[in-house]
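Before any comments, here is the structure.
Just so we're on the same page: letters track the sequence lines, and every chain starts at 1. Heavy-atom basis, side chains included; hydrogens, waters and symmetry copies ignored.
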Amino acid sequence: MKNRIKSVLFEAFNQAVKNGKLPGMEFPDGVQIAVPKAEAHGDFSTNLAMILASRIKTPPRQVADSLLSILRANPLFEKVEVAGPGFLNFFISTETWQQNLKHIFNSGDKFATSDAGNGRRVLVEFVSANPTGPLHVGHGRGAAVGDSLARLLRAAGFKVETEYYINDVGNQMKTLGLSVYLRYREHFGEKVDFPRECYQGDYIRDIADDMAQRHGRRYLDVPEDECLPDFTKAAVDVIFSGIKKDLLEFGVHFDNWFSERTLHDSGMVQKALSLLEEKGFLYEKDGALWFKTSEFGDEKDRVIRRSTGELTYFAADIAYHLQKMERGYDMLVDIWGADHHGYVPRVKAAVKALGHDDSALKVMLVQLVNLIEEGEQKAMSTRAGEFVTLSEVVESVGTDAARFIFLTRRCDSHLDFDLDLARSQSQENPVYYVQYAHARLASVFRKAAEQGIVLREPDQIDTALLSSAEELNLLKMIDAFPQVLAESALALAPHRISYYLTNLAGKFHGYYTRSRFIGEDPELTQARLLLSAVMKRVFKKGLNLLGVSAPESM
RNA sequence: GCCCCCGUAGCUCAGGGGAUAGAGCACAGGAUUCCUAAUCCUGGUGCCGCAGGUUCGAAUCCUGCCGGGGGCACCA
C-alpha cells in the first residue's frame, strides 16, 4: 500500500508542477511516507510539503494546500488533509482496505517478499567459531541472528550466500592438539603437567580416549612434534562434526564452509601481502612486519608477521576479506561477538588499503549473552571449560524458544537469557504466543473442513463484511508485512520481525476471542476465513524468517 | 587513559528526526453452553541518565559529563 501512496504522491507532485501550482523542480529527496502513531492522523502521512517549503520559501501548509485538490480526486482515499506543521495525512477508504485483502491472497507467496534488495549479492559470514570446542550460547545468538538475517535478506530480494570461516591454522590449533596429546598420555597412566593455556574441558578427554581406543599406545613412542598434527586433526574432526551437528539441530544452514588453510595454500595470503607491499603500506620494525592501519583510521599499526616468522591471524583475515571482495559481492556482512569490536577498524583499513569500498563491509557486533538460571548468572569461559553449550540450551528449551529469544532484542544490546523462562511452557514465554496464533488459525481451518466448508475464490467473497474497527486494523497490519520485512532487511535488524509478529499475534488473539470465525452467516464465515488464511500465511512466513516452526497444533 | 555498545514504566526491553513515547512481565480483579484458556478483558505509571547544541520539529543527530558492560598483545 505504501508503494501505491508513493506513486500517487509522485504523480500529484508532477501534476501540480505542470499546472503551475508549484514551481518547476524535481521530486525532492528525503520524502517519507510514514505510518503515523496516532490513528487520528490517518493511515499514512508524508512530510513532502515540509521539505518543499524550505526549498521554495513558502509556508509548508500552503504548499500542502496546493497538492490537496489533486490528491483528493484519487479514489484510493476517503480523506486527505493537511495537519500540524504541514503533514499531508492520507485516510485510505475502508473499501480499499477490504479489496486489498483479495490482492494479498491472490499474490500468494509473493506477498511475503520485497524487491528492496534489487538482486544485490550479499555474503553473510557468521558463527565462524574456532574448532577448539563446542559452540556455546554466545555462538547460538550469532547463529540465530545470522541465519535469520540471511533468510530476511533473501525474502527482501537480495541474492544471499552464507559462510562459516574456519580458523584451522595457527597457535590455537597447536594448543588444541597439545591438549589432546597430553590427555592421551594421561590416559595411559602417565602423570602429566597440564598447562593452564590448554583447553580444560571434558570433551578434550573424550577425544583423547578415542585416540587411545583407535591407536593404542602407538603415539607414546613418537616424538611430540611428529604426532601433534595427528592429534590436532583428530580433535578438529571430532569438534567440527559436533559443531555442524549443533548447527543443523538449531536449523542453521551454511552455503559455504571456508577454510583458512586454503587461503595459505592458494597463495591468497601472499597475494594480499604483496599488494599491500606494492602500495607501501607495510614496514619492518623490531623484526616484525607491520601494516599501517593507522593511516586508515585505526588507532595504531598492526603486526602481520611476528618476529618469530609466523603470520598473525590478522594476515589471514586480510586475505580472506580480499578474497571475499574479489568474489564480487555488493555487500559483505560479518557477524562477530562484541568482544571483537576493536578488530573492526583494522579490517576496514585492510579493505580500504586494498582498494575496495569499506562501506560495503557491514560488521554486526552481537553483544554477550548472560545466561540466567534460578536468578543466578552463569559463568562462561571456553578455556577453563566452564560454559553452557548451545546444544545444552537447545536440549533444555528447544530450538524454537532459543531462536525466538535470541531474536527479540536488537543484537547490539546485552541479552539476559533466562533459562527458566525459556523453558516455561506458558504465559511469559513469547514464542508460544506467536506459535499459538498460528496453531489456532490452523485449527479454524480444520474445523471448517470438518463442516465441509470450502474457502471460495476471493472474488466470490464479500470482504465488505470485514467492517469492524478490529478487522480493519488487522487488514492494515497484514498489509504492512512486506514493508516491515523490507525495512528490517535494510536495517539488518531481524528482531523487528519478532516484534511485529508478537504484535500481530496480540491483535489476532483478541479478535479470535471476540469473534466467531465459523458462524451461522456463511458469507461472513467466508470473509473471515479469507482474512484467517492470509493471517495464517503471515505467521508462517514470519516465523520462518526467524527459523522458528509454525505448528499446526499445540 | 583511549575505543565500542548500552542507559526509555517497578523489571526485561521496542521505538533510532515528525504530531499525544509503546509492549511483555510483575501486581489486582474479571471472562470458558460454541472454532485450542499456551487465550482474552479491565485497572497506571514515565525530567526517554544529565547539560548544552543543530533543526520548523530531538527519546532519536552532534558535543561534553555521569552510570553499566565490553575491548585495548608480535593471542583470537
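Under the 3.5 Å distance criterion, with hydrogens and angles disregarded, no donor-acceptor pair is assigned to the side chains of Tyr283(A) and Glu277(A). Between the side chains of Gln172(A) and Asn167(A), no donor-acceptor pair is found at a separation under 3.5 Å. His509(A) and Arg440(A) are linked by a side-chain donor-acceptor pair at a separation below 3.5 angstrom, with hydrogens and angles left out of the test. Side chain to side chain, Arg528(A) and Tyr511(A) meet the donor-acceptor criterion of an N or O pair below 3.5 Å.
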Contact pattern, 5' to 3', of nucleotides 3-8 of chain B - B, S or - by protein heavy atom under 4.0 Å = BSSS--
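Rounding to the nearest 0.5 Å gives a distance of 6.0 Å between CG of Asn130(A) and CE of Met173(A).
Across all strands, Tyr512(A) comes closer than 4.0 Å to base atoms (heavy-atom distances). Arg516(A) comes within contact range of at least one nucleobase, with a heavy-atom separation under 4.0 Å. The residue Asn503(A) sits apart from the nucleic acid: no heavy atom pair falls under 4.0 Å. Here Ser128(A) lies out of heavy-atom contact (under 4.0 Å) with every strand. Among the protein residues, His509(A) comes within range of the sugar-phosphate backbone only, with heavy atoms under 4.0 Å from sugar or phosphate atoms but none that close to a base. Note on Thr312(A): only backbone sugar-phosphate atoms sit closer than 4.0 angstrom, heavy atoms only; bases stay farther off.
Remark: C2(B) base-pairs with G71(B). Criterion, Watson-Crick or G-U wobble with two distances under 3.5 Å. Pair assignment for C50(B): G64(B), on the basis of Watson-Crick or G-U wobble contacts that are both within less than 3.5 Å. Across all strands shown, nothing is found opposite U33(B) as a Watson-Crick or G-U wobble partner with both distances under 3.5 Å. A 3.5 Å limit on both hydrogen-bonding distances identifies no Watson-Crick or G-U partner for G57(B). Figure legend. G22(B) is base-paired to C13(B); pairs are counted as Watson-Crick or G-U wobble with both atom distances under 3.5 Å.
For C40(B), the OP1/OP2 oxygens have no side-chain nitrogen or oxygen of Arg514(A) closer than 4.0 Å. Distances shorter than 4.0 Å separate some side-chain N or O of Tyr433(A) from OP1 or OP2 on C40(B).
Under 4.0 Å is where a charged nitrogen must lie from a carboxylate oxygen, and between Glu295(A) and Lys352(A) no such pair does.
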